J.: 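The structure that follows is given in the form of C-alpha cells.
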Amino acid sequence: MQEAHPRVRFAPSPTGYLHVGGARTAIFNWLYAKKNNGTFLLRIEDTDKQRSSDEMTQAILDGLTWLGIDWEGEPWSQSAQAERHAQEARRLLEEGKAYYCYLTPEELQQMRADAEAKGEPYWYGRAGLRMPEEERQRREREGYAKTLRFKVPEGETTVEDLVHGTITFEHKEIDDFIVLRSDGSPVYMLSVVVDDHDMGMTHIIRGDDHLSNTPKQVLLYQALGYDVPAFGHVPLILGTDKKRLSKRHGATAVGEYHERGFLPEAVFNYLSLLGFSPGDDREILSRTEMIEAFTPDRLQISSAVFDEQKLLWLNGQYLRMMDAKQLSQALDPFLTKEWKQLDNTYVKDVIGLMSERITTLSEFCDAAAYFVHDPAEYDEKGVRKHWKSPIVDALPELIATLESIEFTDEALESAIRAHAERLDVGAGKVIQPLRLAITGGTASPGMFETMRVLGKETCLRRLRSALKAIPVSDS
RNA sequence: GCACCCAUCGACUAGAGGCCUAGGUCGUCACCCUUUCACGGUGAAAACACGGGUUCGAAUCCCGUUGGGUGUACCA
C-alpha cells in the first residue's frame, strides 16, 4: 500500500542558500516521487530562529524552482509545529518513556571536563535519573530548569536502509538524549520524527550525515506509536580534497551556478549523476529519462567528488542542443546593456556563430566583444606572427576588392581566396591578418561568416584602422 | 576515544563469482578535420587501497589492516 503512492520530502534548514548537496538530495526525493507516482513535499526546518531567515527560505525555494523541482502545496514550517512536538514529548513522559533531568548545563559541562581529564569518553548515562529522589524534588520545588530526556530502552535497532542495506545499532551506544530543552522547546531529533509522521512520510531519503542518528529516530517512532518509514541515506558530496564540500571549494550554492551562466537542465543532470547512475552508458538524460531510470538501489553508497569540469562539459552539451531561439532567450539575462540595444537579428546571428564556442552563458559578452566594439588593441603574439609583408602590403588591394562585392559567405570566400592565389600564398596566410585586424585577436568563428555578420562597413573601417595602427614587420 | 558508513583510472561511474586482456563519460595527451578558436572524429596513457582467507575460479563473498567520511550538543 505504501509502495503505491510514496510520500517523500526535502527538509532544508534556511540557514544558508540552497547547497548543491541539498539540491541533490531534493532531486533524488523528487525523482523517487515522480517515478513512483508519489508526492513530494517541502518542509522548512526553521526551528533555529537565530540562524534562519525568510530570505534564505526564499532563496532555497527559488533554487529548487530554477532546477525545475516542484513540490506539492505550501512548504511545511517546522517551527509552527513546536507546540505539537512538545505535546508529543509530554506524552512520552506520561508513558514513562522519558524523564526530567534537573542537571544544570554547568554540571553537565563538569561531567564532560572530568571525563576528559581522566581520558575517558563522556557518557551521560542516565545521570538525571541517578540523582537521589529528594534532590530531584528539591530542585523541582526550587524551580530548577529541567530538560526532558528520552529513556533509551535496552536492546538493538536494525535499520533496513534503501541504499546501505541492513545496519544494526546497539542501544548501549546511544545516550539518553534531550527531546525538550529547558525552555520547553522541542529538539530537532523529536521534531523531525513528529513532522515526518504528521506529514505522512513513507520514505526518508536524506544525506548520510543522518545515518548515525537514525536509530534514535526509529526509537522515537516506536515510542510514539508511529509507523516507521523506510530510510535511504545518500552519500555526501565531497570537494576535490575529499573533504565535505564547503565554500572554500568554490561555488556550492545552486544560485551561484545560475549566476555563472549554467543551465538548470545541465545542473540537474549533473547532480543526478553524482551518486546515481542509470546503469547504462548514458551521460545526458532529460528529466523524463532520469525519472524513468531512477531507482534508489542504483544510488551510490560511497561519496562523490564534485567535479566542475564535467559540469562545464555537460553545460556545453546542453547549450549546443538548444536552437537559436532557445539560446537567445537563455542568454538574454546575461546580455549587457549595449548588447540589448543592438538589433535583434544581428544578436541572433552572433549567437549562431558563438554558440559552440562558449560553455556558460556568462562568457558570451566577453567572448563576442568584437561584435560590438572595434578592437582597441591587437593581440601581440598575433601581430608578430601574422602582420607581415608582403601580405599586409597587399591589403589595400584586397580592401578595394571587398568594397565592390556583396558580403555573403560565398562572395567573401571567393574574393579572399582569389586574392591569396594572386599573392601565391595559402588562404590562411591572408585570413589570419584579416582576423587580427577585424577582431583584434587570433581566435574567432570562421572569417567569412564573421565578416558577413559584421558587415562591409565595419570590416573595411577596421581594416583601414589596423593598417594605420599596426606597424608592419618583414617576414 | 567510541559507534556507524565507505573504498574500481586524476574525477563521475559500469561491474551483483567465471562474459574482465576491467567497459563508458569528464579531464589529460596524440592524430584527423580546418582560415584561427571551438565543435566534431579517431586513438593512447590511466584503476580493482593492502594483507589474509572461502572457492576449481574473486573487482565481486568473509576477516583484518590502512585510508577517508559521518555521528557522538539544551545545532539542524
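Proteins come first, then strands; the chains are lettered A, B, ... in the order of their sequence lines, and each starts at number 1. We use all heavy atoms of the structure for the numbers below, so side chains are in, but hydrogens, waters and symmetry mates are not. The model shown is predicted, which means the values in this text are computed figures rather than measured ones.
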J.: Could you measure between the two C1' atoms, the one in B:rA59 and the one in B:rA49, and give it in whole Å?
T.: 12 Å

J.: Just how far, in rounded Å, is P of B:rC75 from CG of A:Asp209?
T.: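 For the pair A:Asp209 CG and B:rC75 P, the rounded distance is 18 Å.
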
J.: How would you label the contact of A:Arg282 with the nucleic acid (heavy atoms, under 4.0 Å): base, sugar-phosphate, or nothing?
T.: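 The residue A:Arg282 makes no contact with any strand.
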
J.: Is there a side chain to side chain contact (heavy atoms under 4.5 Å, CB included) between A:Leu61 and A:Leu42? Walk through the geometry before answering.
T.: CA-CA 9 Å; A:Leu61 264 37; A:Leu42 218 52; 3.6 Å; yes

J.: So, OP1 or OP2 of B:rG15: does either fall under 4.0 Å of a side-chain N or O from A:Arg298?
T.: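 Result: yes.
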
J.: Heavy atoms, side chains only, cut-off 4.5 Å: are A:Ile301 and A:Asp208 in contact?
T.: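 A side-chain contact is absent here, since even the closest heavy-atom pair is not under 4.5 Å.
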
J.: Start at the 5' end of RNA chain B and walk down; is the nucleotide closest to A:Glu356 or to A:Gln300 reached first?
T.: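 Looking at RNA chain B, the more 5' nearest nucleotide goes with A:Gln300.
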
J.: Counting any heavy atom closer than 4.0 Å, what does A:Gly119 reach on the DNA or RNA strands: base, sugar-phosphate only, or nothing?
T.: nothing

J.: Whole-Å distance between B:rG71 P and A:Leu236 CG?
T.: 8 Å

J.: Provide the distance between the two C1' atoms, one in B:rU8 and one in B:rU60, to the nearest whole Å.
T.: 11 Å

J.: Counting heavy atoms from C-beta on, name the nucleotide in B:rC4, B:rC12, B:rC74 closest to the side chain of A:Ile167.
T.: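 From the listed options, B:rC4 comes nearest.
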
J.: What is the nucleic acid contact for A:Ser13, judged by heavy atoms within less than 4.0 Å: base, sugar-phosphate only, or nothing?
T.: sugar-phosphate

J.: Ignoring the backbone of A:Ala443, work out which of B:rU35, B:rU36, B:rA3 is nearest its side chain.
T.: B:rU36

J.: Need the pair for B:rA49. Rule: Watson-Crick or G-U wobble, both distances under 3.5 Å, any strand; none if unpaired.
T.: B:rU65

J.: Are side-chain N/O atoms of A:Gln78 and A:Asp46 paired as donor and acceptor at under 3.5 Å?
T.: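 Not at all, the side chains of A:Gln78 and A:Asp46 share no donor-acceptor pair under 3.5 Å.
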
J.: Within the 4.0 Å heavy-atom criterion, would you say A:Pro235 contacts the bases, only the backbone, or no part of the nucleic acid?
T.: nothing

J.: Among B:rU13, B:rC4, B:rC74, which nucleotide has an atom closest to any side-chain atom of A:Ala304?
T.: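 Comparing B:rU13, B:rC4, B:rC74 against the side chain of A:Ala304, the answer is B:rU13.
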
J.: Of all the choices, B:rU35, B:rA11, B:rC6, which nucleotide is nearest to the side chain of A:Ser302 once you look at every atom?
T.: B:rC6

J.: Within less than 4.0 Å of OP1 or OP2 of B:rA11, is there a side-chain N or O belonging to A:Lys242?
T.: yes

J.: Base, sugar-phosphate, or nothing for A:His210, non-hydrogen atoms under 4.0 angstrom?
T.: base

J.: Does any non-hydrogen side-chain atom of A:Trp387 lie less than 4.5 Å from one of A:Leu436?
T.: yes

J.: If we take the C1' atom in both B:rU34 and B:rU42, what is their distance in whole Å?
T.: 16 Å

J.: Return the value, rounded to whole Å, for the distance between atom CG of A:Leu299 and atom P of B:rC6.
T.: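 Going from A:Leu299 (CG) to B:rC6 (P), I get 13 Å.
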
J.: What is the distance, to the nearest angstrom, from the CG atom on A:Leu245 to the C1' atom on B:rU70?
T.: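 Interatomic distance, CG of A:Leu245 to C1' of B:rU70: 15 Å.
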
J.: For B:rA30 and B:rG68, measure between their P atoms and round to the nearest Å.
T.: 35 Å

J.: What is the nucleic acid contact for A:Arg112, judged by heavy atoms within less than 4.0 Å: base, sugar-phosphate only, or nothing?
T.: sugar-phosphate

J.: Considering just the side-chain nitrogens and oxygens of A:Arg181, establish if one lies under 4.0 Å of OP1 or OP2 belonging to B:rA76.
T.: yes

J.: Does a side chain donor of either A:Thr360 or A:Glu363 reach within less than 3.5 Å of an acceptor in the other side chain?
T.: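 Yes, because at least one side-chain N or O of A:Thr360 sits under 3.5 Å from a partner of the opposite role on A:Glu363.
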
J.: Whether A:Glu421 and A:Arg417 form a salt bridge (side-chain N of Lys/Arg under 4.0 Å from carboxylate O of Asp/Glu) is what I want to check.
T.: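 So A:Arg417 does not pair with A:Glu421 through a salt bridge.
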
J.: With A:Phe150, which of A:Tyr221, A:Tyr124, A:Phe177, A:Tyr100 fulfils ring-ring contact (aromatic ring centres under 6.0 Å, His included)?
T.: A:Phe177

J.: Is there a Watson-Crick or G-U wobble partner for B:rU42 with both distances under 3.5 Å, and if so, which one is it?
T.: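 Per the H-bond distance test, B:rA30.
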
J.: Report which part of the nucleic acid A:Gln317 touches: base, sugar-phosphate, or nothing (heavy-atom distance under 4.0 Å, all strands).
T.: sugar-phosphate

J.: Taking atom types as modelled and ignoring hydrogens, do the side chains of A:Thr168 and A:Thr158 form a donor-acceptor contact shorter than 3.5 angstrom?
T.: yes

J.: So A:Leu103, base contact, sugar-phosphate only, or nothing? Heavy-atom distance under 4.0 Å.
T.: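 Contact class for A:Leu103: base.
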
J.: Taking the C1' atom in each of B:rC29 and B:rA45, what is the distance between them to the nearest angstrom?
T.: 8 Å

J.: Heavy atoms only, 4.0 Å cut-off, all strands: where does A:Lys429 land among base, sugar-phosphate and nothing?
T.: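 Nothing, no heavy atom under 4.0 Å.
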
J.: Name the nucleic acid region contacted by A:Lys49, choosing base, sugar-phosphate or nothing; use a 4.0 angstrom heavy-atom cut-off, strictly under.
T.: nothing

J.: Please assess A:Asp114 against A:Tyr122 for the test side-chain hydrogen bond (donor to acceptor under 3.5 Å, both in side chains), listing each intermediate value before the final yes or no.
T.: CA-CA 8 Å; A:Asp114 291 348; A:Tyr122 164 76; over 6 Å; no

J.: Between A:Arg244 and B:rG68, is there a contact of a side-chain N or O with OP1 or OP2 at under 4.0 Å?
T.: no

J.: Distance between the P atoms of B:rU25 and B:rA44, in whole angstroms?
T.: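 Each nucleotide's P atom is 12 Å from the other's.
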
J.: Name the residue closer to the 5' end of RNA chain B, choosing between A:Asp307 and A:Pro186 according to the nucleotide with the nearest heavy atom.
T.: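 Comparing both residues, the 5'-ward one is A:Asp307.
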
J.: Hunt down the Watson-Crick or G-U wobble partner of B:rU35, both distances under 3.5 Å, from any strand shown, or write none.
T.: none

J.: Under 4.0 Å, heavy atoms only, any strand: does A:Thr47 hit a base, just the sugar-phosphate, or nothing?
T.: sugar-phosphate

J.: How would you label the contact of A:Ser277 with the nucleic acid (heavy atoms, under 4.0 Å): base, sugar-phosphate, or nothing?
T.: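 The residue A:Ser277 makes sugar-phosphate contact but no base contact.
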
J.: Between B:rA3 and B:rA16, how far apart are the C1' atoms? Round to whole Å, please.
T.: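 My reading of the C1' atoms in B:rA16 and B:rA3 gives 28 Å.
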
J.: Can you measure A:Trp313 atom CH2 to B:rC39 atom C1' for me and round it to whole angstrom units?
T.: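 So the CH2-C1' distance, A:Trp313 to B:rC39, works out to 13 Å.
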
J.: Between the base of B:rC39 and the side chain of A:Arg320, is there a donor and acceptor pair under 3.5 angstrom?
T.: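 Check fails, no donor-acceptor contact within cut-off.
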
J.: Reckon A:Phe306 touches a base, only the sugar-phosphate, or nothing at all at heavy-atom distances under 4.0 Å?
T.: nothing

J.: Give a yes-or-no answer on whether the side chains of A:Glu140 and A:Tyr102 include a donor-acceptor pair shorter than 3.5 Å.
T.: yes

J.: Between B:rC19 and B:rC62, how many Å separate the two C1' atoms, rounded to a whole number?
T.: 25 Å

J.: Looking only at side-chain atoms of A:His164, point me to the closest of B:rC6, B:rC74, B:rU35.
T.: B:rC6

J.: Identify the nucleotide, in any strand shown, that forms a Watson-Crick or G-U wobble pair with B:rC2, with both distances under 3.5 Å; if there is none, say none.
T.: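 Partner of B:rC2: B:rG71.
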
J.: Looking at the side chain of A:Leu108, which of B:rA76, B:rC12, B:rC74 is the nearest nucleotide?
T.: B:rC74

J.: Choosing from B:rU25, B:rC74, B:rA76, which nucleotide comes nearest the side chain of A:Glu283?
T.: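 Between B:rU25, B:rC74, B:rA76, the one nearest the side chain of A:Glu283 would be B:rU25.
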
J.: Look at all strands and tell whether A:Asp48 reaches a base, only sugar-phosphate, or nothing, counting heavy atoms closer than 4.0 Å.
T.: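 Counting heavy atoms under 4.0 Å across all strands, the contact made by A:Asp48 is with sugar-phosphate only.
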
J.: In the strands shown, is B:rA22 matched to any nucleotide by a Watson-Crick or G-U wobble pair with both distances under 3.5 Å, and which?
T.: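 Here B:rA22 is not engaged in any pair, so there is no nucleotide opposite it.
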
J.: Which nucleotide sits closest to the side chain of A:Val187: B:rA76, B:rU36, B:rU70?
T.: B:rA76

J.: From C-beta outward on A:Ser444, which listed nucleotide comes closest to its side chain: B:rA14, B:rG24, B:rU36?
T.: B:rU36

J.: Is it the case that the base of B:rC37 and the side chain of A:Thr442 share a donor-acceptor contact (distance under 3.5 Å, atom types as modelled)?
T.: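 Under the 3.5 Å cut-off, the side chain and the base do not form any donor-acceptor pair.
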
J.: Side chain of A:Gln78, heavy atoms from C-beta onward: which of B:rA76, B:rU72, B:rU25 has the nearest atom to it?
T.: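 For A:Gln78, the side-chain atoms sit closest to B:rA76.
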
